[in-house]
Amino acid sequence: MHHPGSEHSLNGHRSPLEMHIVSRRNDLNDSTAAKVQDGFAVMGFFIEGKENTSQVWKSFTNYLQKIPRKGDEVRIMEPFSLHQLLKGVDLSKYYRYNGSLTTPPCDEAVVWTIFKDPIRIRRDLLLRFPTKIYFDNVFRPQEPLNNRMVYSSAAPTTGPAGAADHILQPQTIQGS
């Protein structure tokens, strides 16, 4: 892979990719939402290269390959749902914190929800992302928590090394 990985890390581990689903409060427009602490909600999902027989990711990445440049569009002709894309993710296990948008000016206007379980897709499909799809340089170095409180939906568990599995390091993108 030609990039350092996901924007968030869990116990110092970064996944190869991270998918974000962004929504804005329906009572606000984009500019006013950027001015309030909970103007946007972003759900983040780690993506790992593992064996998975889900055909929906093959179809999804086929469509993504047809939009190699920023601003390109593609018409999706075969229906699929977010539920199909998120198969295998336990939506009851997540971390939540108040943070910022990841594009300049990085307004502190997001309630982030990062799901613990990764989306698992075949490695060959994972490799399509950095090689076939246009990416602006979205990777930035890891940022400190800056006294943010990170909340977990479930009690922390202890891993094999005795480290608690509840540390999530958010990062923000610095203006360029």
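Keep in mind the model is a prediction, meaning the values are calculated, not measured.
Within the 6.0 Å centre-distance limit, the rings of Phe80 and Phe60 are counted as a close aromatic pair.
Using a 4.5 Å heavy-atom threshold, the side chains of Ile114 and Glu18 count as touching. Between Tyr95 and Leu10 the shortest side-chain heavy-atom distance falls below 4.5 Å. Between Leu86 and Met19 the shortest side-chain heavy-atom distance falls below 4.5 Å. Looking at Pro16 and Leu126, their side chains come closer than 4.5 Å, going by heavy atoms from C-beta outward. Between Lys116 and Tyr94, every side-chain heavy-atom pair lies at or beyond the 4.5 Å cut-off.
Expressed to the nearest 0.5 Å, how far CG of Leu125 lies from CZ of Arg120 amounts to 15.0 Å. Note: Asp117 CG to Glu48 CD = 11.0 Å, rounded to the nearest 0.5 Å. In this structure, CZ in Phe45 is found 10.0 Å from NE2 in His20, a value given to the nearest 0.5 Å. To the nearest 0.5 Å, atoms NZ (Lys93) and CG (Leu91) are separated by 11.5 Å. If you take CG on Asp107 and OG1 on Thr102, they are separated by 11.5 Å, rounding to the nearest 0.5 Å.
Note: Trp112 and Tyr97 have parallel aromatic rings, judged against thresholds of 30 and 60 degrees for the angle between ring planes.
For the residue pair Arg14 and Ser9, no side-chain donor N or O sits within less than 3.5 Å of a side-chain acceptor on the partner.
The heavy-atom pair separating Ser92 from Ser153 by the smallest distance is O-OG, 2.7 Å. Among all heavy-atom pairs drawn from Ala109 and Ala33, the shortest one is CB-O, 3.4 Å.
With salt bridges taken as basic N to acidic carboxylate O contacts below 4.0 Å, one links Arg24 and Asp30.
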Start with the C-alpha gap between Asn62 and Ser59, add the side-chain angles, then the distance that decides, and say whether side chain to side chain donor-acceptor pair (under 3.5 Å) holds. CA-CA 5 Å; Asn62 284 340; Ser59 296; 5.3 Å; no

Check the pair Glu108, Arg148 against salt bridge (charged side-chain N to carboxylate O under 4.0 Å, His left out), reporting the backbone distance first and the verdict last. CA-CA 11 Å; Glu108 293 280 331; Arg148 288 186 176 105; 2.8 Å; yes

Atom pairs and distances, donor-acceptor, side-chain atoms in residues 35-44, under 3.5 Å, two or more places apart:
{"unit_1": "Lys35", "atom_1": "NZ", "unit_2": "Ser31", "atom_2": "O", "d": "3.4"}
{"unit_1": "Asp38", "atom_1": "OD1", "unit_2": "Arg25", "atom_2": "NH1", "d": "2.8"}

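Counting non-hydrogen atoms of neighbouring residues, nucleotides and ligands closer than 6.0 angstrom, the NE2 atom of His83 reaches no more than 12 such neighbours.
Ser15 places no side-chain N or O within 3.5 Å of a backbone atom of Phe46 that could act as its donor or acceptor partner. Judged by distance alone, the side chain of Thr61 and the main-chain N or O of Trp57 form a donor-acceptor pair under 3.5 Å.
Linking ILVMFWY side-chain heavy atoms closer than 4.5 Å, directly or via other members, places Met149 and Val110 in two distinct hydrophobic clusters. Following chains of ILVMFWY side-chain contacts shorter than 4.5 Å, one can reach Val56 starting from Ile47, so the two form part of one hydrophobic cluster.
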